[in-house]
2 protein chains.
Amino acid sequence: MSTSRAKTRDIGRGAVREELARTAFPLFCDRGFDEVTFEELAAVSGVSRSTFLRYFGSKEEVVLFSFDPLGPQMTEVLLGRPAHEKDWPALRHALAPATAFLNRDPSEGLALLGLIGRTPALCARLREKQAGWRPDLARALAERPGARPGPDLPRQALAGAALECLTVSLEHWASTGGDTDMDELIDDAFSAFTD
Amino acid sequence: MSTSRAKTRDIGRGAVREELARTAFPLFCDRGFDEVTFEELAAVSGVSRSTFLRYFGSKEEVVLFSFDPLGPQMTEVLLGRPAHEKDWPALRHALAPATAFLNRDPSEGLALLGLIGRTPALCARLREKQAGWRPDLARALAERPGARPGPDLPRQALAGAALECLTVSLEHWASTGGDTDMDELIDDAFSAFTD
DNA sequence: ATCGACTTTGACACTCAGTATCAAATAAGG
DNA sequence: CCTTATTTGATACTGAGTGTCAAAGTCGAT
């Protein structure tokens, strides 16, 4: 069947992307994102420049594609929160996939955030990704069980603010070397709106 | 004196930038940001490609440099708010320079936001700029008259949320063709956190 | 008005990201 | 084994952004 062939192909593609990104990451950290060319990445990975470029639409994607699943995951968590829970606490719980992703291997998460933080191009692209998650979270807020109908704008604002809380918390977490608990930081950021 | 010479030089530089950007803007709107090259911009403006590039570090700057004053302006407004005013309302007032900038000529503001909205590279860069304003706003929150000392994170979160309210409001304003009042939209976004 | 120091300009060359094309290699299915 | 679809790598190209240099322009001082 053609759909199953396509499916296995995508799985293989994903695995290759992960492998290529894994070999590329140390180079970025050592020499700086801007100082590494596709040619070197290809050489280190043992494929041609053409092939490397076919797996990643841009150099930024090599670093940031691993964030892609977070948007859908956060949306799913949000939709699964109980009906009686208020929007703001529900959004707080929806950030769990992000913290889980970075806490899986904290030292690597730290290296990743550090690299992004000192590379403007990566900051910009990650923010772009986050901005793409916001409408989905807002829609999930509208569709959650027990949601009251109303205008869209406040939900967009809440979703955007929640993601911004995540951003500032991660920034602070990375700047302190990861020795504070990430979830406590996010709680602090969130509580700025409730007390 | 060398400082006054330098000052007049910077004024001249700013005027040239404004002029170059003015002639470039219609081209971007007509043909799309990515389809216009520096060579064409230079040709239309009557300067060489080299000169054009010396005035703008990147093509995105040609469109976005006009947002640069907003950060300092918003910070200044925030610092001038009365001591008894709570942080959130004060931040609401601090967004005034942004609305003023776009409402000065609404149809041009609409064209500007439209161009940005349909150009991912411009979205990303503008978000980068906004992200740069956030720490300044947070610092202003800490330094405003009557500020209570405390951890930095909540202030960063508040400042980031305020800017996000601005973003979603402008997005909504642009998507509805500018026929709703911008300040009412921002009020709606802000009130999502107070009711 | 002319000189001399400084700045701006434009021409040129260069690196690298990203796109497109095509032929050879390779894998999968019958 | 053969056919067909996919992947790969080689090559060439456009355009962004950087750097250098010599010519042109600016401005103050004499």
Side-chain angles (χ1 to χ4, degrees), chain A residues 1-21 23-24 27-28 31-65 115 119-126 128, chain B residues 1-21 23-24 27-28 31-65 115 119-126 128:
Chain A
M1 204 205 283
S2 93
T3 69
S4 100
R5 258 223 312 278
K7 205 181 296 178
T8 59
R9 220 189 310 143
D10 279 357
I11 291 175
R13 183 181 167 81
V16 172
R17 278 161 66 100
E18 224 156 293
E19 174 59 21
L20 293 181
T23 65
L27 256 75
F28 287 139
R31 315 229 318 276
F33 181 77
D34 297 319
E35 313 311 318
V36 183
T37 70
F38 272 117
E39 208 149 0
E40 300 175 79
L41 294 177
V44 168
S45 304
V47 298
S48 74
R49 197 187 86 110
S50 308
T51 301
F52 202 104
L53 256 143
R54 201 173 291 113
Y55 279 97
F56 298 99
S58 73
K59 219 165 63 165
E60 290 85 6
E61 276 300 292
V62 181
V63 178
L64 300 179
F65 86 102
L115 176 62
T119 310
L122 290 174
C123 281
R125 292 289 191 129
L126 181 53
E128 211 179 347
Chain B
M1 206 203 287
S2 94
T3 69
S4 99
R5 260 226 309 281
K7 204 182 296 178
T8 59
R9 218 189 311 143
D10 279 358
I11 292 175
R13 182 181 167 81
V16 173
R17 278 162 64 102
E18 225 158 293
E19 174 59 22
L20 293 180
T23 63
L27 257 75
F28 287 139
R31 315 230 317 276
F33 181 77
D34 297 320
E35 313 312 319
V36 183
T37 71
F38 271 117
E39 209 148 358
E40 299 175 79
L41 294 177
V44 169
S45 304
V47 299
S48 74
R49 197 187 87 110
S50 308
T51 301
F52 202 104
L53 257 145
R54 200 173 291 113
Y55 279 97
F56 298 99
S58 72
K59 220 165 61 165
E60 290 85 9
E61 276 301 292
V62 181
V63 178
L64 300 179
F65 85 102
L115 176 63
T119 310
L122 291 174
C123 283
R125 292 289 192 130
L126 180 53
E128 211 178 347

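Keep in mind that this is a model prediction, so the values were computed, not measured. First the proteins, then the strands, lettered A, B, ... as listed; each starts at 1.
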- Item | Considering all heavy atoms, the nearest B:Glu128-A:Ala124 contact | OE1-CB, 3.6 Å
- Please check the phosphate of D:dT8 (OP1 and OP2 only) for any side-chain N or O of A:Tyr55 closer than 4.0 Å. yes
- Query: If you look at every heavy atom in B:Thr23 and B:Leu27, which pair is closest and at what distance?
  - Reply: O-CD1, 4.2 Å
- Query: Do A:Arg54 side-chain and C:dG18 base share a donor-acceptor contact under 3.5 Å?
  - Reply: no
- Message: Output the rounded distance in Å from CG (A:Leu53) to C1' (D:dT7).
- Response: 15 Å
- Task: Ignoring hydrogens and angles, answer whether the base of D:dG17 and the side-chain atoms of B:Arg49 contain a donor-acceptor pair closer than 3.5 Å.
- Result: yes
- Give a yes/no answer on whether the side chain of A:Thr51 brings an N or O atom under 4.0 Å of OP1 or OP2 in D:dG9. yes
- Note on the structure: note: B:Glu60, atom CD; D:dG15, atom P; distance rounded to Å ~ 16 Å
- Give a yes/no answer on whether the side chain of B:Ser50 brings an N or O atom under 4.0 Å of OP1 or OP2 in C:dA11. no
- Task: Classify the ring geometry between A:Phe28 and A:Phe33 as parallel (under 30°), tilted (30 to 60°) or perpendicular (over 60°).
- Result: tilted
- Query: CZ of A:Phe38 versus P of D:dG9: gap in Å, rounded?
  - Reply: 15 Å
- Starting at CZ of A:Phe52 and ending at P of C:dA17, how long is that distance when rounded to a whole Å? 11 Å
- Message: Rounded to whole Å, please give me the gap between CG in B:Leu20 and P in C:dT8.
- Response: 14 Å
- In whole angstroms, how far is the P atom of C:dT8 from the CZ atom of B:Arg13? 8 Å
- Phosphate oxygens OP1/OP2 of D:dG9: is one of them under 4.0 Å from a side-chain N or O of A:Ser48? yes
- Could you give the CZ-to-P distance, from A:Arg17 to D:dT8, as a whole number of Å? 13 Å
- Contact class for A:Val16 (heavy atom, under 4.0 Å): base, sugar-phosphate, or nothing? nothing
- Message: Is it true that A:Thr37 and A:Glu39 share a donor-acceptor pair across their side chains at a distance under 3.5 Å?
- Response: no
- Could you state the CD-P distance from A:Glu39 to C:dG18, rounded to the nearest angstrom? 14 Å
- Task: Identify the heavy atoms of B:Leu64 and B:Leu126 that sit nearest to each other, and give their distance.
- Result: CD1-N, 3.6 Å
